[in-house]
Asker: 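My structure is below; once you've seen it, I'll send some questions.
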Amino acid sequence: MTSYLEKVRQSSELSRRSFLKASAAATAALAVSGGLAGCSPNKVEPVEEAEAVARDIVTGEWKTAACWHNCGGRCLNKVLVKDGIVVRQKTDDTHEDTLEHPQIRGCLRGRSQRQQVFGADRIKYPLKRKHWEPGGGQKELRGCDEWERISWDEALDYVAAELKKAYENYGPTGVYYVGWPLGYGLRIAAALGGAVRCVNSSSYGTFNFYYRSIGLPYVGVGPGTYWCESANDRLDLVNSDTIVFYGCNPAWASAGNHCSYFWRAKEAGTDFVYVGPSYNPSASLFEAKWIRVRPGTDIAFLLSVAYTMIAEDEQKELIDWDFLSKYTVGFTSDTMPADATTDENFHDYVLGNYDGVPKTPEWATTICGTPVEDIVWFAETIGKKNKVAILHSFAAARNKGAEDFPQMLMTIGAMGGHMGKSGHSCGSAFHSTAGAGGPSLVTVGGSGLDIAFGELNYQVPDPERWKAVLDGKFVDIGAGIDFAPFPEAVEREVDIHVIMVDDVSNFLQSSLDIMAGIKAFRKVDFAYCQAYTLTTSAKYCDIILPACTQWEKTSAFCYLNLSSREYQIYPSQITEPLFESRTDCDIACGIAERMGLDPKQVIPLDDKQQYFNAIATSVTTEDDGITSSKLATITQDDIDEWGVEGEPQEGKIGIGELMEKGIYQVERAENDKHYYIAYKDFIDDPENNPRPSASGKFEIYSQSKLANIVAASRGNTDAKPYPTYRVPVQGYETTFSDWDNQVKGDLPYLFFTPHYLRRAHTTLNNVPWLREAFENPVFINSSDAAEKGIETGDTVLIWNDFGKVLRRASVLETIMPGVIALPHGSWVDVDEETGIDHGGAENVLSGGISSDSFVSGYNNYNVNFEKYDGDPLEPDALWPQRIIDAE
Ligand SMILES: Nc1nc2c(c(=O)[nH]1)N[C@H]1C(S)=C(S)[C@@H](COP(=O)(O)OP(=O)(O)OC[C@H]3O[C@@H](n4cnc5c(=O)[nH]c(N)nc54)[C@H](O)[C@@H]3O)O[C@H]1N2
Ligand SMILES: Nc1nc2c(c(=O)[nH]1)N[C@H]1C(S)=C(S)[C@@H](COP(=O)(O)OP(=O)(O)OC[C@H]3O[C@@H](n4cnc5c(=O)[nH]c(N)nc54)[C@H](O)[C@@H]3O)O[C@H]1N2
Ligand code: SF4
Ligand SMILES: [Mo]
């Protein structure tokens, strides 16, 4: 009798060619009923035939596949490849999972990746919007026009001609590069004098602007961002009595195995506290005590915590006065910094000595909504006698009016003396560094390509992003990063005719004010992008150039070299570019060539050379914790085999073995030389290891922070050198029409935008398995829902002055009353007749409001909502994918 495995083998011959046919057939079948993506619905049945066959295949080669998204993790994802098709996925099973040598396990998104790469909704061919013609054609049809398949030659010719025309007629201020400064398009622009760019305080919010002034590391995390200088080693977490998750959610936002680091502390008896507007999955996982704080009101909450610590200190010894006097300036009049221009100090502000308002729990509770007894409990819990790790992400800093949040939280940490000691910390638990403080033990090197900007240095901050196109002017605050001397904000004029969408962002979807963004796209003469799915930015373009994914490159390389501290992933190419897609690098070279530029000058290194360079310059830390060595051993044969330029070198592991393993991980041991306590060098010897502030200490009074705010706001601020509570331009107070009499206004609810496990920002939102696993509802408190007659599953209309959104409700006890949450990144789907977004895109409601520092504040906008009386929404797992049939 033939064995089961044998049968499977016999029945499972699936070539790449038949996969592509199956995928194309599925695509066509899908498109027939509904016409074209973007305007009309059709049902999802992704690649069923191919999947069905693939499911049974058991032979093939396991390779390490890139999981390249800006997702909060970096994990080992392995794929079983047969004839260029991925037939299985798995994660790290290369060794036993131990404390010292944990497996680097992927999350559900990574494990669903093949549904993205081999999705029926891939952009398969170069596409042109039917009613586009040079000059713009019917511009108003952007986003709902039909698409025509065109040849690569035609597509590249169009793009090159439009760019050329824009540079000739308007110069660099006529071209808008929309995205991170990572894409190849910017190199083309740079060669022509640059383009108007955007800057975005996205992840770190106000930590971008004021970290150095107050003595914190780069953006509050650490050098190069992706090692965490501000919090302790993962092996130290067990030494805390209490871990405070301050507005962070590693269970979703640092998926993969970061929660396992915290889990050890839980098992060792550490208590968890969560501070934020919803009892999120991390709070739930660690059975944290919930300290409720309304979004955007953290400064009020923390001021009252400071007040309580001061008030109770004599009795309960909560404040570490030695710490404050030795390591900080400006807490009291005794420790003022040399550059202080006033004698005001934080302590006296908290007591109300300057404004007559003591920052008591009773004062704070009306703003932050935290019960008085919880404020007192929190203040007592984080006192100096307890070993406390205050670990924050940046949600609370991503708010209008959050300018002083970084300094405020640092002040609270310093009051408890929670820096520089085992068990104590006050730093970040963010992204792929969450729970894993300390310098990278494996660091990926540089690709050899520097970012090129060109001469023009116009930088549009997020809230002004679409104003630049629509009004032809915007306020430029420079890179928005904390540096001295601080550039004065200037108003600039531009005349934008072409939008160039960067290859690795989706800013029409992910930036503030989508509705204004759509108007901006509909205003210009030409917009183009490189994309592998019909992202929102692509949907509103005129030409889409089909890019391949990171699985299809000769040298798949994660453009964001995020990794956790102890390892680095080195993925391999999995398959050839699918359909007619090309690499981003090839596409950009094609455009450059047609513009009469020398592609070799614009992009001197191809993908493979860039990847090789990054591997060759990767380093790892030796057991002594100090010396670093080259990671890869490379021979002349290796260089010849890769077909690249390079020099042989000695390292820790052969490049061939490294690629086969796909990961290099440093094994830890208790009390090894990699054990890291944040700020220990400064605490041990402050004179020789000063913090980066003017005084070399943590600045609770910072003249330089204030100078930064004054420069950005052009003097239009009442900020102080120490953290103060100031009513934000949008926030809780603005939900009232009459604050003094507590009368609510037309937009009486706050809403915030959690990063969602279904997606990495806007990516993976199209993946059927993930859609099924996670609905994309609006989260509403049960009392608010009851008042409006709303139950889970009902369709709800949410609106404010910026737009209208429909979503199905998820009614919860675990979100504060008066606050609703709309997950970040859901693809906008505007009904052209009503203007209502059916897709649940949060940035339809997050408008372009510029506060003091032009922060990309997302979490304290005002809205209203009601049960929707139109057609109810179907669960979005049943929605069509955005598939273009343009045969
Ligand atoms: N309301 C609200 N808005 C937010 C946030 C929030 O909390 N609330 N968070 C903000 C934050 S922190 C961030 S970091 C930003 C993220 O904003 P974005 O960076 O715009 O978001 P992503 O979805 O990661 O966009 C990546 C895009 O690049 C594409 N892509 C990825 N790799 C490649 C490639 O190799 N080639 C090509 N051609 N395309 C590629 C993906 O398909 C995707 O469309 O969003 C911000 N927006
Ligand atoms: N699954 C998934 N993971 C991701 C990403 C993703 O898109 N999806 N994106 C990655 C990126 S680039 C980033 S920047 C990080 C973001 O990571 P985070 O900043 O941690 O993400 P958020 O979900 O915005 O916020 C975390 C929690 O903060 C709370 N919160 C919201 N507003 C406030 C506030 O004003 N005050 C307080 N105290 N709490 C508040 C909410 O309860 C929320 O659960 O996530 C990364 N990881
Ligand atoms: S956390 Fe990120 S890298 Fe890890 S598997 Fe999930 S999506 Fe991939
Ligand atoms: Mo981010």
Side-chain angles (χ1 to χ4, degrees), residues 66 68-73 107 109 116 179-180 182-184 200-205 245-255 274-283 291 293-298 301 368 392-399 402 405 429-432 434 462 501-512 529-533 535-538 545-550 553 556-560 562 581 583-584 587 731 750 752-766 815 819 821-825 841-843 845-846 856-861:
W68 64 91
H69 310 288
N70 186 6
C71 58
C107 79
R109 291 166 298 171
Q116 181 183 53
W180 307 112
L182 293 164
Y184 289 111
N200 195 340
S201 68
S202 59
S203 305
Y204 317 106
F245 281 147
Y246 200 103
C248 59
N249 186 14
W252 278 1
S254 306
Y274 175 71
V275 184
S278 66
Y279 196 71
N280 67 24
S282 310
I291 303 294
V293 174
R294 292 189 181 105
T297 66
D298 295 270
F301 165 69
C368 61
H392 66 88
S393 187
F394 296 90
R398 295 196 292 262
N399 279 310
F405 175 73
F430 169 71
H431 214 285
S432 50
D462 201 14
V501 175
D502 150 44
D503 2 313
V504 286
S505 68
N506 185 12
F507 275 10
L508 180 55
Q509 175 71 62
S510 61
S511 299
L512 299 178
C529 72
Q530 314 183 172
Y532 45 77
T533 52
T535 64
T536 295
S537 305
L545 305 170
C548 63
T549 70
Q550 303 266 348
K553 296 187 190 185
F557 181 60
C558 302
Y559 70 89
L560 289 164
L562 321 173
S581 69
T583 70
D584 291 307
I587 297 172
L750 280 170
F752 71 97
T753 60
H755 289 229
Y756 204 39
L757 192 51
R758 163 163 144 184
R759 297 180 285 269
H761 301 286
T762 74
T763 64
L764 298 157
N765 190 45
N766 55 323
I815 184 164
V819 179
L822 203 52
H824 160 56
E842 84 287 15
N843 284 320
L845 301 168
S846 310
S856 306
Y858 309 111
N859 289 325
N860 60 347
Y861 278 92

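Computed from heavy atoms alone, side chains included, the values below leave out hydrogens, waters and symmetry copies. Each ligand, and each atom within it, is numbered from 1 in the order the structure gives.
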Asker: Only heavy atoms of P754, strictly under 4.0 Å: list the atoms of ligand 2 that pass.
Answerer: 23 (O)
Asker: How many angstroms lie between OG1 in T763 and NE2 in H69, if you round to the nearest 0.5 Å?
Answerer: 5.0 Å
Asker: Could you tell me the residue and atom name of the protein heavy atom closest to atom 44 (O) of ligand 2, and the distance to it rounded to 0.1 Å?
Answerer: N280 ND2, 3.0 Å
Asker: Given G276, P277, A434, which has its nearest heavy atom closest to atom 40 (C) of ligand 2?
Answerer: P277
Asker: Which of the numbered atoms in ligand 2 are under 4.0 angstrom from any heavy atom belonging to S393?
Answerer: 17 (O), 18 (P), 19 (O), 20 (O)
Asker: Return a yes/no value for S203: is any of its N or O atoms, backbone included, closer than 3.5 angstrom to an N or O of ligand 2?
Answerer: no
Asker: Within the distance-only criterion (no hydrogens, no angle test), does the side chain of R398 pair as donor or acceptor with the backbone N or O of S203 below 3.5 angstrom?
Answerer: yes
Asker: Which ligand 1 atoms does F507 reach within 4.0 Å, using its non-hydrogen atoms?
Answerer: 20 (O)
Asker: Numbering the atoms of ligand 2 from 1, which are under 4.0 Å from a heavy atom of R109?
Answerer: 1 (N), 2 (C), 3 (N), 8 (N)
Asker: For ligand 2, which atoms have a heavy atom of F430 less than 4.0 angstrom away?
Answerer: 13 (C), 14 (S), 15 (C)
Asker: Does the residue F394 have a heavy-atom contact with ligand 1, meaning some pair of atoms that are separated by less than 4.0 Å?
Answerer: no
Asker: Identify the closest protein heavy atom to atom 8 (N) of ligand 2: which residue and atom is it, and at what distance?
Answerer: R759 O, 2.9 Å
Asker: Can you check whether Y274 has an N/O within less than 3.5 Å of an N/O in ligand 2?
Answerer: yes
Asker: Relative to ligand 1, is D584 under 4.0 angstrom through side chain, backbone, both or neither, heavy atoms considered?
Answerer: side chain
Asker: Run down the list R398, H431, H824, H755 and name the one with the heavy atom closest to atom 7 (O) of ligand 1.
Answerer: H755
Asker: Any atoms of ligand 2 less than 4.0 Å from a non-hydrogen atom of L757? List them with their elements.
Answerer: 1 (N)
Asker: Would you check the N or O atoms of V293, main chain and side chain alike, for any that come under 3.5 Å of an N or O of ligand 2?
Answerer: no
Asker: Looking at atom 37 (C) of ligand 2, what's its closest protein heavy atom, distance included?
Answerer: D298 OD1, 3.5 Å
Asker: Determine whether the side chain, the backbone, both or neither of Q509 has a heavy atom under 4.0 Å from any heavy atom of ligand 1.
Answerer: neither
Asker: So is K553 in contact with ligand 1, going by heavy-atom distances below 4.0 Å?
Answerer: yes
Asker: In this structure, which one of V501, N506, L545 forms a side chain to side chain contact (heavy atoms under 4.5 Å, CB included) with C529?
Answerer: V501
Asker: Looking only at distance, does R294 have an N or O less than 3.5 Å from an N or O of ligand 2?
Answerer: no
Asker: Using a strict 4.0 Å cut-off to heavy atoms of Q530, name the atoms of ligand 1 that fall inside it.
Answerer: 38 (N)
Asker: Please state which part of N843 comes within less than 4.0 Å of ligand 1, counting heavy atoms only: side chain, backbone, both or neither.
Answerer: side chain
Asker: Aromatic ring centroids of F245 and Y274 under 6.0 Å?
Answerer: no
Asker: Would you check the N or O atoms of A396, main chain and side chain alike, for any that come under 3.5 Å of an N or O of ligand 2?
Answerer: no
Asker: Who gets closest to atom 26 (C) of ligand 1 by heavy atom: V501, N765, V504?
Answerer: V504
Asker: Out of all atoms in ligand 1, which are within 4.0 Å of some heavy atom of W68? Include the element for each.
Answerer: 31 (C), 32 (N)
Asker: Taking only heavy atoms of T753 into account, list the atoms of ligand 1 that are under 4.0 Å away from them.
Answerer: 1 (N), 2 (C), 6 (C), 7 (O), 8 (N)
Asker: Among protein heavy atoms, which lies nearest atom 46 (C) of ligand 2, and at what distance?
Answerer: A253 O, 3.3 Å
Asker: With heavy-atom distances below 4.0 Å as the criterion, list the atoms of ligand 2 near W252.
Answerer: 1 (N), 2 (C), 3 (N)
Asker: Tell me, please: is Y246 in heavy-atom contact with ligand 2, that is, under 4.0 Å?
Answerer: yes
Asker: With heavy atoms of P295 as the reference, note each atom of ligand 2 found under 4.0 Å away.
Answerer: 34 (C), 35 (O)
Asker: Backbone or side chain, does any N or O of G296 fall under 3.5 Å from an N or O of ligand 2?
Answerer: yes
Asker: Tell me which one of D503, I587, N506 gets a heavy atom nearest to atom 29 (C) of ligand 1.
Answerer: D503
Asker: Is the contact between N70 and ligand 1 made by the side chain, the backbone, both, or neither, using heavy atoms and a 4.0 Å cut-off?
Answerer: side chain
Asker: Heavy atoms only, cut-off 4.0 Å: how does A760 contact ligand 1, side chain, backbone, both, or neither?
Answerer: backbone
Asker: Look at atom 3 (N) of ligand 2 and say which protein heavy atom is nearest, naming residue and atom and giving the distance to 0.1 Å.
Answerer: C71 O, 3.0 Å
Asker: Any nitrogen or oxygen of T533, main chain or side chain, under 3.5 Å from a nitrogen or oxygen of ligand 1?
Answerer: no
Asker: What do we get for S510 next to ligand 1 when only non-hydrogen atoms under 4.0 Å count, side chain, backbone, both or neither?
Answerer: both
Asker: Any donor and acceptor pair, going by atom type alone, linking the side chain of N766 with main-chain N or O of Q116 inside 3.5 Å?
Answerer: no
Asker: To which protein heavy atom is atom 25 (O) of ligand 2 closest, and what is the distance rounded to 0.1 Å?
Answerer: A395 CB, 3.3 Å
Asker: Counting both backbone and side chain atoms, is some N or O of H761 under 3.5 Å from an N or O of ligand 2?
Answerer: yes
Asker: Got an N/O contact under 3.5 Å between Q550 and ligand 1?
Answerer: yes
Asker: Using a 4.0 Å cutoff against the non-hydrogen atoms of A547, which atoms of ligand 1 qualify?
Answerer: 38 (N)
Asker: Indicate, as side chain, backbone, both or neither, the part of T535 found under 4.0 angstrom from ligand 1 when only non-hydrogen atoms are considered.
Answerer: side chain
Asker: Does any N or O of ligand 1 fall below 3.5 Å from an N or O anywhere on T762, backbone included?
Answerer: yes
